[in-house]
Amino acid sequence: MTAVKDTLSIPPIYSPFLPAIHRSHDRIQQRSSVWAHQWNIGSPQLRSHLVRHDIGTFAARVLPDGDEDVVQILADFIIWLFGVDDGMCEEGPLGHRPGELSASLSRLLRVAQQPSAPMLSGDPLAEGLRDLRRRLAEHASPYQLARWVEGTRAYFFSLIWEAHHRSHGTTPGLNDYALIRMYNGAATAAEPFLEIARGYQLHPRERHHPVVEALAEMAFLIIGWDNDIFSFHKEGRGPHFVMNAVRVVHATRPGSLSGALSQVISHRDRATAHFLRIGRDHAPELTHHQHRYARDLAAFIRGNQDWGISSDRYINPADPADLPSEFTTVPTDDSPDPLPIPAVRGWWRL
């Protein structure tokens with residue numbers, strides 16, 4: 001499928017969160033590049049791109065005060081995730097074959113569950129995943145490891161959903177896309193690192209508190225839609241079919257691409273404002289660890305934003321994107337009304 005090379009000027013995006021970065025970010029970035037080459041993640045061409053995308057710095061922004069070893073594991077894991085997303089799905093033949101992709105991802109998931117399983121020996125993605133699982137087990141509790149596996153499973157499921165649409169050349173509706181966007185950016189797979197890197201663990205009662213669950217889901221959607229906004233230029237230059245919130249809105253409503261961009265920004269601004277609102281309104285009922293987790297989700301959002309406007313992955317130096325160099329503290333939409341998306345309306349019923 002030939003990409004339509006549309007261009008949009010991205011305005012400064014609303015972010016009420018403070019930036020931060022780990023003091024060892026340079027070292028983390030360097031080691032993540034070495035790790036990618038050590039385990040042959042992706043094709044040589046893809047790997048050469050990934051090591052220039054400051055992925056180690058991304059992890060250092062998400063976990064600015066985390067244990068350095070865990071931040072390093074997250075940096076290497078993100079490179080691995082891009083090896084799956086870019087290499088297997090968006091740019092590989094399995095991205096158009098949901099059945100075959102499902103089988104391949106199921107095997108990788110088994111490696112994450114049981115790294116000693118005698119399967120996929122010599123496969124670079126499998127061997128890299130075994131290394132990640134071994135290192136993570138040195139820092140995570142069994143419960144946290146299980147959550148990492150389940151977060152990765154949710155991500156894999158969303159990739160199969162994408163492959164179905166890619167194989168048919170179809171665009172989902174906004175409700176379905178918003179639902180899957182909470183998972184197909186791999187935020188659920190990275191989220192367990194928030195606790196692991198900072199040495200705490202939410203009790204299941206704390207984790208499944210309605211406010212905490214809503215905050216996490218909002219963070220995942222904001223991160224996903226921010227990526228869609230920042231990556232619009234990059235994705236429009238590739239030869240492959242890629243779903244994006246701006247394209248989904250444009251396909252389901254009359255008007256221009258710039259109008260669709262404005263609607264996506266409005267939705268993510270309203271979600272961000274509600275993230276702040278329910279965190280503030282329900283603060284008295286949250287435990288110390290729940291407060292910490294809410295702050296860590298905010299750092300996850302902001303770290304993704306700072307990386308998104310500074311990484312060569314989205315800047316695309318050979319054909320520069322028109323991205324902002326800063327953020328704004330004024331939202332385009334801070335209405336307390338629910339978003340017109342049934343899948344997420346429950347956030348406003350708290």
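Numbering of residues begins at 1 and proceeds along the displayed sequence.
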Check: Under 4.5 Å between any side-chain heavy atoms of R61 and R302, yes or no?
Finding: no

Checklist line | N316 side chain reached by D319 side chain, heavy atoms, under 4.5 Å | finding: yes

Next item on the list: Consider only side-chain N and O atoms of T332 and D269, and report whether a donor and an acceptor are under 3.5 Å apart.
Entry: yes

Note to self: Measuring only between side-chain heavy atoms, which start at C-beta, is H289 closer than 4.5 Å to H203?
What the structure shows: no

Note to self: Side chains of D296 and Y200 only: does a donor on one sit below 3.5 Å from an acceptor on the other?
What the structure shows: yes

Next item on the list: Check step by step if side-chain hydrogen bond (donor to acceptor under 3.5 Å, both in side chains) holds for N227 and N304.
Entry: CA-CA 8 Å; N227 286 345; N304 179 71; 3.1 Å; yes

Note to self: Contact between D228 and F232 at the side-chain level, heavy atoms closer than 4.5 Å - yes or no?
What the structure shows: no

Notebook entry, point to check: For the residue pair H53 and H49, does the interplanar ring angle fall in the parallel (under 30°), tilted (30 to 60°) or perpendicular (over 60°) class?
Noted result: parallel

Check: Under a 4.5 Å cut-off applied to non-hydrogen side-chain atoms, are I278 and W347 in contact?
Finding: no

Notebook entry, point to check: Counting only heavy atoms not in R23, do more than 12 fall under 6.0 Å of its CZ?
Noted result: no

Next item on the list: Report yes or no: is the cationic atom of R153 (NZ for Lys, CZ for Arg) under 6.0 Å from the centre of the six-membered ring of Y183, at an angle within 45° of the ring normal?
Entry: no

Checklist line | Donor-acceptor side-chain pairing of E68 and H22 below 3.5 angstrom | finding: no

